[in-house]
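Structure record follows, encoded as structure tokens.
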Amino acid sequence: MRASLLQIDVNEGESVESRRSRVAALVREQAGADLVVLPELWTTGAFAYEGFGSEAEPLEGPTYEVMAKAASDAGVWLHAGSIPERAPADSGSATGDGPLYNTSLVFSPSGELAAAYRKIHRFGFDKGEAVLMAAGEDLVTVRLPGTTLGVATCYDLRFPELFRGLVDAGAETLVVPAGWPERRRAHWTLLAQARAVENQAFVLACGTAGTHAGVPQAGHSIVVDPWGEVLAQAGAGEQVLTVEFDPGKVALTRDQFPALKDRMLGLAAPRR
Ligand SMILES: NC(=O)CCC(=O)C(=O)O
């Protein structure tokens with residue numbers, strides 16, 4: 001399987017419209033790949049909180065349209081990263097606005113929407129995404145020829161139970177679009193490897209380059225195999241990281257070193 005991770009430079013010097021068409025052209029250039037992956041919130045920037053409301057789109061908005069077409073033009077499975085999604089308002093909404101979600105879109109090679117994942121763990125503690133966006137509730141997997149993707153977004157990488165849920169749902173390739181900051185780059189690499197080793201799965205983690213909202217981005221998108229080996233890692237700048245991997249290595253690793261079968265589920269709390 002050939003995957004291309006597009007580590008996009010996200011900075012305020014480029015308009016959202018121009019970045020959208022530039023990224024669509026880059027996706028088209030990946031014809032021949034099986035899977036193309038984009039980062040988290042690459043239209044606005046994951047830390048550009050102030051633009052979330054004004055740049056929000058309905059699920060089937062401009063990014064959806066442009067990316068569906070790019071996937072079908074290239075004939076690739078496309079994890080199009082995430083968008084700030086404005087969900088439809090329910091009938092009780094006072095403002096007429098529905099909630100905002102950080103929503104990832106996955107398209108098939110014919111440009112059909114195969115899955116949408118609303119980020120479950122929102123980053124920012126008492127500000128930013130954590131207060132501006134609503135939390136998703138559903139785990140999402142996507143069946144591709146040869147492997148099943150489990151999707152998660154950025155800060156989700158810190159929550160191993162989410163990935164265990166994806167593995168229990170059949171995931172073998174864990175795809176993590178992100179907008180991870182440079183100041184915590186060591187965590188990014190370490191957590192990507194940890195999620196691969198503990199779940200005996202491939203991890204494809206695609207971050208952004210550049211600086212937006214004053215936050216330098218880590219770049220260093222990474223592909224890790226089920227044994228924890230780093231197959232490829234990007235540098236700091238905009239880059240297409242292409243890697244070939246054998247999805248059969250997941251079953252082989254789980255068979256030869258069957259640690260997942262030794263899980264002790266439902267451990268009780270210590271007695272006092
Ligand atoms: N966009 C994010 O989720 C940022 C996550 C982050 O900075 C971290 O976990 O550290």
Side-chain angles (χ1 to χ4, degrees), residues 5-12 16 19 23 37-57 63 79-86 99-105 116-140 150-166 174-196 198-199 203-222 224 233-234 236 238:
L5 280 57
L6 309 191
Q7 177 172 288
I8 304 300
D9 186 327
V10 178
N11 66 76
E12 286 103 2
V16 169
R19 186 154 46 246
V23 169
V37 182
L38 292 172
E40 178 189 31
L41 296 176
W42 55 269
T43 54
T44 51
F47 284 86
Y49 306 134
E50 285 171 11
F52 286 175
S54 56
E55 298 295 346
E57 313 175 24
T63 304
H79 186 314
S82 69
I83 58 163
E85 179 205 354
R86 175 72 72 190
L100 278 176
Y101 290 96
N102 184 339
T103 303
S104 287
L105 306 172
Y117 165 67
R118 288 173 167 167
K119 185 178 181 183
I120 292 175
H121 300 94
R122 297 154 302 159
F123 183 69
F125 309 113
D126 57 358
K127 59 180 176 7
E129 181 185 29
V131 297
L132 295 170
M133 287 183 161
E137 294 178 349
D138 299 320
L139 296 180
V140 172
V151 297
T153 307
C154 202
Y155 187 49
D156 283 335
L157 192 58
R158 294 185 181 274
F159 299 87
E161 61 278 15
L162 183 151
F163 290 83
R164 271 294 148 85
L166 291 171
L174 303 165
V175 183
V176 189
W180 200 276
E182 167 59 21
R183 74 173 78 94
R184 292 184 288 281
R185 171 150 63 93
H187 294 188
W188 165 251
T189 301
L190 188 66
L191 290 166
Q193 285 187 273
R195 296 295 86 86
E198 74 197 359
N199 295 300
V203 170
L204 276 53
C206 180
T208 47
T211 296
H212 59 265
V215 181
Q217 295 294 289
H220 288 81
S221 298
I222 186 167
V224 191
Q233 187 157 29
E238 180 159 306

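Atoms within a ligand are numbered from 1 in the order they appear, just like the ligands themselves.
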Quick one: does ligand 1 sit under 4.0 Å from the side chain of His187, the backbone, both or neither, non-hydrogen atoms only?
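For His187, there is no contact with ligand 1 at all, from either part.
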Using a 4.0 Å heavy-atom threshold (strictly under), name the region of Phe123 that reaches ligand 1: side chain, backbone, both or neither.
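Phe123 to ligand 1: side-chain contact only, backbone stays beyond 4.0 Å.
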Thinking salt bridges, do Glu129 and Lys119 make one under a 4.0 Å N-O criterion?
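Judged by the 4.0 Å cut-off on N to carboxylate O distance, Glu129 and Lys119 do form a salt bridge.
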I'd like the name of whichever of Glu129, His121, Gln217, Arg158 reaches closest to atom 8 (C) of ligand 1 through any heavy atom.
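Considering heavy atoms of Glu129, His121, Gln217, Arg158, the nearest to atom 8 (C) of ligand 1 sits in Arg158.
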Check step by step if side-chain hydrogen bond (donor to acceptor under 3.5 Å, both in side chains) holds for Asp156 and Tyr117.
CA-CA 12 Å; Asp156 283 335; Tyr117 165 67; 2.6 Å; yes
Under 4.0 angstrom from ligand 1, any heavy atom of Glu40?
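In this structure, Glu40 qualifies as a contact of ligand 1 - some heavy atom is under 4.0 Å.
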Determine the minimum heavy-atom distance between His220 and Ala236, stating which atoms define it.
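The pair with the smallest heavy-atom distance is CE1-N, 3.9 Å.
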Is there a polar contact, in the sense of an N or O pair closer than 3.5 Å, between Arg184 and ligand 1?
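Indeed, backbone or side chain, Arg184 has an N or O that close.
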What is the closest protein heavy atom to atom 3 (O) of ligand 1, and at what distance does it sit?
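Ranked first by proximity to atom 3 (O) of ligand 1 is Lys119 NZ, 2.8 Å.
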Protein contact of atom 4 (C) of ligand 1 - nearest heavy atom, named by residue and atom, plus distance:
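Heavy-atom neighbour on the protein nearest atom 4 (C) of ligand 1: Cys154 SG, 3.4 Å.
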Does a sphere of radius 6.0 Å around CD in Glu50 hold more than 12 heavy atoms from other residues, nucleotides or ligands, not counting ones at 6.0 Å or beyond?
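Not buried by this count: 12 neighbours or fewer within 6.0 Å.
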Salt bridge (charged side-chain N to carboxylate O under 4.0 Å, His left out) partners of residues 175-191, not counting sequence neighbours, each pair once:
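Residue pairs with at least one partner in residues 175-191: Glu182-Arg185.
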Once ring pair (Phe, Tyr, Trp, His ring centres under 6.0 Å) is applied, do any residues pair with Phe52, and if so which ones, sequence neighbours excluded?
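Once residues adjacent in sequence are excluded, the partners of Phe52 under the ring pair (Phe, Tyr, Trp, His ring centres under 6.0 Å) criterion are Tyr49.
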